[in-house]
Amino acid sequence: VTLLIKTDIERGNAWADALTANYPELKTVNWPYKGDPAKIDYALVWQPPRGELKRYPNLKAIFSVGAGVDHLASDPDLPEGVPVVRMVEPGLTAGMSEYVVLAVLNHHRFILDYAAQRREKVWAEIPQLPAEARQVGVLGLGVLGRDALETLKPFGFRLAGWSRSPKSITGVTCFHGSGGLGEFLAGSDILVCLLPLTAETTGILDKETFAKLPAGAAVINVGRGGQLVEEDLLAALDSGHLSGATLDVFQKEPLPKKHPFWTHPRVFMTPHIASMTVPESAVRAVVANIQRLEAGEALQHVVDLKRGY
Ligand SMILES: NC(=O)c1ccc[n+]([C@@H]2O[C@H](COP(=O)([O-])OP(=O)(O)OC[C@H]3O[C@@H](n4cnc5c(N)ncnc54)[C@H](OP(=O)(O)O)[C@@H]3O)[C@@H](O)[C@H]2O)c1
């Protein structure tokens with residue numbers, strides 16, 4: 001069984017080592033691959049060039065290195081009928097929940113304000129609010145959104161979530177569909193976006209959405225840059241309607257040097273690192289899935305390409 005790896009070179013080697021340790025019969029080859037394309041059974045990829053995966057006539061499954069599959073779903077030349085599997089692995093989930101807690105607490109505890117005060121050498125207290133005075137609303141109740149909400153539970157925030165289909169989660173007020181979005185937003189003092197990038201979610205964080213949030217709300221985007229209308233966010237921050245934003249993903253990455261986000265005092269940003277797949281734990285998920293398919297069983301976490309996630 002041969003698997004083609006296309007990630008960055010350093011991480012590609014970490015993957016190859018971890019895969020072979022977990023599945024000695026598996027042969028791994030790195031992209032770019034100059035051998036016979038017919039020999040490739042599986043591909044484990046991050047942002048492959050468009051049309052690249054069509055070159056392998058015997059491909060049985062495509063594994064995304066990341067949880068998001070927009071890098072694959074947007075390829076018009078993806079080979080037809082080959083299942084695409086998204087990444088679900090404990091290291092990635094834990095990393096995202098850590099980041100969401102960090103960002104929520106930053107806004108809750110006025111860290112942007114204290115950073116501004118520090119720059120001005122101002123020693124002043126801002127009255128602290130109890131966690132139950134705020135509602136954290138998470139857009140997207142998938143693997144990552146649900147775990148982030150579970151991880152937030154001990155802090156005592158009121159919790160809400162929004163998804164496409166109805167959900168029932170203990171301790172979380174659940175909303176769904178376009179009909180439920182307005183009420184969900186109206187209660188969200190801290191809004192976290194953990195949606196996949198699809199035609200429906202593109203530009204969802206726009207001026208209409210921001211206008212529905214309570215005055216002083218904060219926005220955390222850890223989904224995809226394409227979900228945020230950046231100029232609408234800047235306008236909502238500059239008008240004071242939003243108190244701050246934590247951004248990990250951007251329309252254009254790396255963020256251009258002249259972009260106002262770099263220096264905006266109400267923005268905390270990171271370079272798309274909210275969570276990374278951990279090869280050592282992720283290989284167990286990939287190997288188990290390959291073994292399932294080789295044994296004639298169904299793959300887990302197959303993406304619905306029509307839906308886009
Ligand atoms: N910044 C980073 O470092 C980083 C790292 C990993 C992942 N991510 C992003 O996080 C995303 C979520 O990952 P995941 O594993 O949690 O995905 P997932 O398990 O597929 O969950 C997606 C959730 O979004 C909801 N959803 C999708 N389209 C919707 C729509 N049009 N309206 C309302 N809800 C919608 C789904 O609703 P249903 O439950 O009703 O289907 C589901 O609850 C990824 O796609 C990726 O873009 C970012």
Side-chain angles (χ1 to χ4, degrees), residues 47 66-68 70-71 92-93 95-116 118-119 134-140 142 144-145 147-149 151-152 157 161-162 184-185 188-198 201-277:
Q47 299 180 335
D70 42 297
H71 64 116
L92 177 75
T93 307
M96 182 56 82
S97 292
E98 277 178 13
Y99 188 99
V100 171
V101 168
L102 171 84
V104 165
L105 293 180
N106 261 340
H107 292 292
H108 174 55
R109 295 303 303 269
F110 305 105
I111 295 301
L112 286 171
D113 301 271
Y114 287 118
R118 180 167 178 252
R119 283 192 294 273
R134 298 204 204 256
Q135 181 159 303
V136 180
V138 177
L139 291 161
L144 300 181
D147 194 76
L149 283 160
T151 311
L152 282 166
F157 296 105
W162 182 75
F184 163 81
L185 292 171
S188 295
D189 302 297
I190 302 179
L191 181 73
V192 180
C193 180
L194 263 171
L195 289 165
L197 183 65
T198 67
T201 66
T202 297
I204 190 166
L205 300 176
D206 64 357
K207 54 174 177 267
E208 277 173 40
T209 292
F210 300 146
K212 288 178 187 147
L213 292 171
V219 170
I220 298 166
N221 190 19
V222 276
R224 283 286 181 266
Q227 286 153 350
L228 176 66
V229 181
E230 296 181 343
E231 55 276 25
D232 288 1
L233 177 68
L234 286 165
L237 290 171
D238 292 342
S239 75
H241 177 61
L242 294 183
S243 62
T246 294
L247 307 174
D248 181 59
V249 286
F250 303 90
Q251 289 281 356
K252 191 166 188 311
E253 296 177 8
L255 188 70
K257 296 263 191 241
K258 289 197 171 144
H259 201 292
F261 286 159
W262 283 110
T263 50
H264 200 290
R266 307 308 307 175
V267 172
F268 178 84
M269 55 164 275
T270 46
H272 200 149
I273 51 76
S275 189
M276 287 176 205
T277 300

Might you work through the side-chain contact (heavy atoms from CB on, under 4.5 Å) test for V100 and L194, ending with a clear yes or no? CA-CA 10 Å; V100 171; L194 263 171; 4.2 Å; yes

Would T246 and H107 count as a side-chain contact (heavy atoms from CB on, under 4.5 Å) if you check the C-alpha gap in whole Å, the side-chain angles of each, and the deciding distance to 0.1 Å? CA-CA 9 Å; T246 294; H107 292 292; 2.7 Å; yes

For Y114 and R109, run side-chain contact (heavy atoms from CB on, under 4.5 Å): C-alpha distance rounded to whole Å, both residues' side-chain angles, the deciding distance at 0.1 Å, then the answer. CA-CA 9 Å; Y114 287 118; R109 295 303 303 269; over 6 Å; no

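Here H259 pairs with F261 under the ring-ring contact (aromatic ring centres under 6.0 Å, His included) rule; sequence neighbours left out. In terms of the side-chain hydrogen bond (donor to acceptor under 3.5 Å, both in side chains) criterion, S188 has no residue partners (sequence neighbours excluded). Taking R119 as the reference, A115, A116, P265 meet the side-chain contact (heavy atoms from CB on, under 4.5 Å) condition, with sequence neighbours excluded. Applying the ring-ring contact (aromatic ring centres under 6.0 Å, His included) criterion to H241, with sequence neighbours excluded, gives no partner residue. Residues passing the side-chain contact (heavy atoms from CB on, under 4.5 Å) test with T202 are L197, sequence neighbours excluded. Every side-chain hydrogen bond (donor to acceptor under 3.5 Å, both in side chains) that T209 has, sequence neighbours left out, goes to D206. Residues that satisfy the side-chain contact (heavy atoms from CB on, under 4.5 Å) test with S243, not counting sequence neighbours, are A218. Under the ring-ring contact (aromatic ring centres under 6.0 Å, His included) criterion, F157 pairs with H108, not counting sequence neighbours.
Side-chain polar atoms of Y99 and T270 form a donor-acceptor pair below 3.5 angstrom. Side-chain contact, D147 with S97: a donor N or O sits under 3.5 Å from an acceptor N or O.
One N or O on the side chain of Q251 and one on the backbone of L228 form a donor-acceptor pair closer than 3.5 Å. Between the side chain of Q227 and the backbone N or O of L195, at least one donor-acceptor pair lies under 3.5 Å.
Checking each of N221, L139, V222 against V192 for a side chain to side chain contact (heavy atoms under 4.5 Å, CB included) leaves exactly one that passes, namely V222.
Atom CD1 of I111 sits about 11.5 Å away from atom CZ of R118, to the nearest 0.5 Å. To the nearest 0.5 Å, atom CD1 of residue I204 and atom SG of residue C193 are 7.0 Å apart. Remark: L255 CG to W262 CH2 distance equals 5.5 Å, nearest 0.5 Å. Separating the CG atom in L92 from the OG atom in S275 is a distance of 4.0 Å, to the nearest 0.5 Å. Between atom CZ of residue F210 and atom CG of residue L242 there is a gap of 6.0 Å, rounded to the nearest 0.5 Å.
Under the 4.5 Å side-chain criterion, counting only non-hydrogen atoms from C-beta, V101 is in contact with L152. Side chains of L213 and L191 form a contact here, defined as non-hydrogen atoms less than 4.5 Å apart.
Closest heavy-atom contact between R134 and F110: NH2-CZ, 3.5 Å. Here the closest heavy-atom approach between residue A245 and residue L233 is recorded as CB-CD2, 3.9 Å. Closest approach of V138 and G145 over heavy atoms only: CG1-CA, 3.9 Å.
The stretch residues 255-275 participates, sequence neighbours left out, in these salt bridge (Lys or Arg N to Asp or Glu O under 4.0 Å) pairs: D113-R266. Residue pairs satisfying the salt bridge (Lys or Arg N to Asp or Glu O under 4.0 Å) criterion with at least one member in residues 208-228, sequence neighbours excluded, are listed as follows: D70-R224. Evaluation of the salt bridge (Lys or Arg N to Asp or Glu O under 4.0 Å) test over residues 229-254, restricted to residues two or more places apart or in two chains, returns none.
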